[in-house]
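Notes for the one structure printed next.
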Amino acid sequence: MSFMSSEQSRRDAFKLAGLAGLSLLVASPALATPEEVASAIGKAYGDRKFASGKIKMDVPEIAENGLVVPINVEVESPMTDADYVKAVHVYAEGNPLPNVISYKFTPACGKASASARMRLAQTQDVVCVAEMSDGSLYKAKATIKVTIGGCGG
Amino acid sequence: MISKREFLQATAAASAMLLGSGLGPLGKVAAQQRLTQADILRFDPLGALTILYVADTHAQLMPLHFREPSVNLGVGEARGLPPHITDDEFRKHFQIAAGSADAFALTSDDFTALARNYGRMGGMDRVAALIGAVRAERGDNNVLLLDGGDTWQGSWTSLKTGAQDMVDVMSQLKVDAMVGHWEFTYGADRVMEIAKNAPFAFLAQNIRDNEWQEPVFEGRKMFERGGAKIAVIGQALPRTAVANPRWMFPKWEFGIREEDLQKQVEEARADGASVVVLLSHNGFDVDRKLASRVKGIDVILTAHTHDAMPGLIRVGETVLVATGSHAKFVSRLDIDVKAGKVAGVRFKLMPVFSDAIAPNAAMAALIAKVRAPFAAELARPIGKTESLLYRRGNFNGPFDDLICDAMLAERDAEIALSPGFRWGGTLLPGDTISWEHVTNATAITYPNCYRIQMTGRQLKEVLEDVADNIFHPDPYFQGGGDMVRLGGMGYSIDVSGPMGSRISGMTHLKSGKPIDAARTYTVAGWASVNENTQGPPIWDVIAAYVARTGSVSIAPNSAVRVTGA
Amino acid sequence: MSTKPIGKVRLQSQAKAGEIIEVKTLIAHEMESGQRKDASGQVIPRKIINRFTAAFNGKPVFEAEWYPSVSSNPYQSFFFKAVESGEFAFTWKDDDGSEYVTKSKLTVA
């Protein structure tokens, strides 16, 4: 008998052992795979290249509640008419639908930083892509663990 | 993170100047001699400022035995570094003689024999006596007394009084500031009520309301002692909402919040702080990593992981203090402040040997008063133990085995799950098990002992998840606590394996058969973080079992096989 | 939803010229993802707020497109560089076509 895990089993185990508090987030058995996220990003950007740096993601290492995971994204930029961050897109690789949020910034923001709260179905990497006014693209990712918790002491 | 080279330097430094053991290396003859209060207090003072520090007392007002862990594994970069060394290795590192008073206080082997020789440790009246003596020596205006949290929970009296007993004791001790973790399991309203009214500050820079992301508590407080300004920043257990029932504080969000902490440090310096102290319930490995990333902290007073170390650990310009638990130790840190900066520190971990210290009479009276309504109940004998009963360690201890045996028998279960709590006293062979002993290991606000059906697959998921919370190589991804304790089931664990593949060889002990992923097992457990968990409180389950058994004997547990350490 | 949700906003009412201020917003909404099933196994239809916009004196400043992975009772914060006095208009656009609007004044000294 194999111990290959399914996401359903995992959630049920959490609820039962009550070490858990994770309630049912999604009924869909199909979770987005890294390939699907890549294709979601691919669809938007084709084969354009991403640079690294400039993006600072502030997310918890461990989600306290998979249904409400805070995420702040801040992109380094002078935010002038000549040089600003046009957009930031957030993708969750392990969610049934990988798109989370797309922001459009303007120089009037003064600072390209925004906070929101997202649902995460499981432990995964969250990816952010920033589009600058000169057309260049930046990408960053952060791992967020969705755990059953309990036993802390 | 600290490199191997830095570690060696730190070790050398510890040997050369940072070693602040209570009694220092002692020969066997000296070790057998009677300890005195003067020995414990002896200290060559430095500068004008003294910080006194206690943490993780877990509401223990009375002297007790508490055996330090024999298994305390470090993973990732913490592997093999203090505090992840035990017994012989620990004594070698800190230059402690086997069989000495310090060996008894700080290591685990030969515990029963040494306990009979050196007696109990702790007792808040003894702690008060040491604090009073240091204040008398240094002057009240030069001493700052800080509490690292996990102070309000862990006893029947704290549970029954909603922590009022501990708040009264802390007030009388004149604690200046504290931080929290188990405190939050009294619920948001009670914590706020105490925080608002207590004479000490309740600090936590890393808690936000989850509606508007605004701070719930004061993040830091400035004190003036020894002619210097000292900023104390509070850091609550970042994983409280994962480790404990979130529904008890549903509007609070925790986290490490390094950047906010860095801002706090910078603001404190801008406000003129000569000394910046982080009063932290992060746990040692998280604090060690944090010290390498957040700049400008002079001292981190660590807690949560219950480590007691008779020397400071240095990371860059920051020193880390680990003061132990259950009121076994009081840390003294003298700081020499020159030109608005820390010019030197001197440290001693003072062991609270109960028989060597004359209790502070006023505190003894207060303790007697808060315990009086419960005294008869606490003293009620339930049974006896033939075995040494302790809990602390990464895997099952005999007290956990007793709890699991009780759940298997009283709840008619095939498998029992018991949380890896680090707190709870130790009983010696021959000791009577009283109501106080049972509740010292179980007194929590969510005690219900549930009984459910779980498949083998689900059991594996739970073990894997908890294992990752303890053995993730990056401490920022660890959740706190020791490994969940198992009754009725054995398993192997590769602590250095990746998430999801550390656990193997799960065996149903009674039948000797492998756990079947598809089969359903009846499982009993307690301390569920789910709201409205059904079942009798765990202390009643244990008391019923112990009363029926009469004399408890726990066989050595070989059901957990550990590799990769 | 029987009653129309009202967007709540927190920001300072006064700012110095050139000051960058944080704007925090919150609205009560279930953000039904369209991914859940009810007890009878029927998919619960998607109903989310799919767009949040902020304009100042009629000029768009910031916009967020929200997908079903955004949590219920969505929170959104962003920054704004205060240059002149005026009024913010915050608009939340629901899947059902409804728009919820909240306005806030800012005085720049």
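Chain identifiers are assigned alphabetically (A, B, ...) following the order of the sequence lines, protein sequences preceding nucleic acid strands; residue numbering begins at 1 within each chain.
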Side-chain (C:Ser77) to main-chain (A:Ala114) donor-acceptor, under 3.5 angstrom
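No; zero donor-acceptor contacts below 3.5 Å.
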Mark yes or no for whether C:Gln76, through its side chain, and A:Ser115, through its backbone, hold a donor-acceptor pair below 3.5 Å.
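Yes, C:Gln76 side chain to A:Ser115 backbone: donor-acceptor pair under 3.5 Å.
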Measuring from [X]:[atom1] to [Y]:[atom2], what's the distance to the nearest 0.5 Å?
X: A:Leu97; Y: C:Arg46; atom1: CG; atom2: CZ; result: 8.5 Å
X: A:Arg119; Y: C:Ser33; atom1: CZ; atom2: OG; result: 5.5 Å
X: A:Lys111; Y: C:Glu22; atom1: NZ; atom2: CD; result: 7.5 Å
X: C:Tyr67; Y: A:Ser102; atom1: OH; atom2: OG; result: 4.0 Å
X: C:Ser69; Y: A:Asn99; atom1: OG; atom2: CG; result: 8.0 Å
X: C:Lys59; Y: A:Thr106; atom1: NZ; atom2: OG1; result: 8.0 Å

For atom CD1 of C:Ile6, decide whether the heavy atoms of other residues, nucleotides or ligands shown that lie under 6.0 angstrom number more than 12.
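Not buried by this count: 12 neighbours or fewer within 6.0 Å.
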More than 12 heavy atoms from other groups under 6.0 Å of NZ on C:Lys24:
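Yes.
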Kindly give the heavy-atom pair with the smallest separation between [X] and [Y], and that separation in Å.
X: C:Ser71; Y: A:Val69; answer: OG-N, 4.3 Å
X: A:Arg117; Y: C:Leu26; answer: NH1-CD1, 3.9 Å
X: A:Cys109; Y: C:Val61; answer: SG-O, 3.3 Å

Top contributor to chain A contacts, counting heavy-atom pairs under 4.5 Å, from C:Tyr75, C:Phe78, C:Phe56
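Among the listed options, the one with the most contacts to chain A is C:Tyr75.
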At a 4.5 Å cut-off on heavy atoms, which part of [X] comes close to chain A: side chain, backbone, both, or neither?
X: C:Thr25; answer: neither
X: C:Ile48; answer: neither
X: C:Pro74; answer: neither

Are any of the side-chain heavy atoms of A:Met118 and C:Val70 separated by less than 4.5 Å?
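They are not in contact (no side-chain heavy atoms under 4.5 Å apart), so the answer is no.
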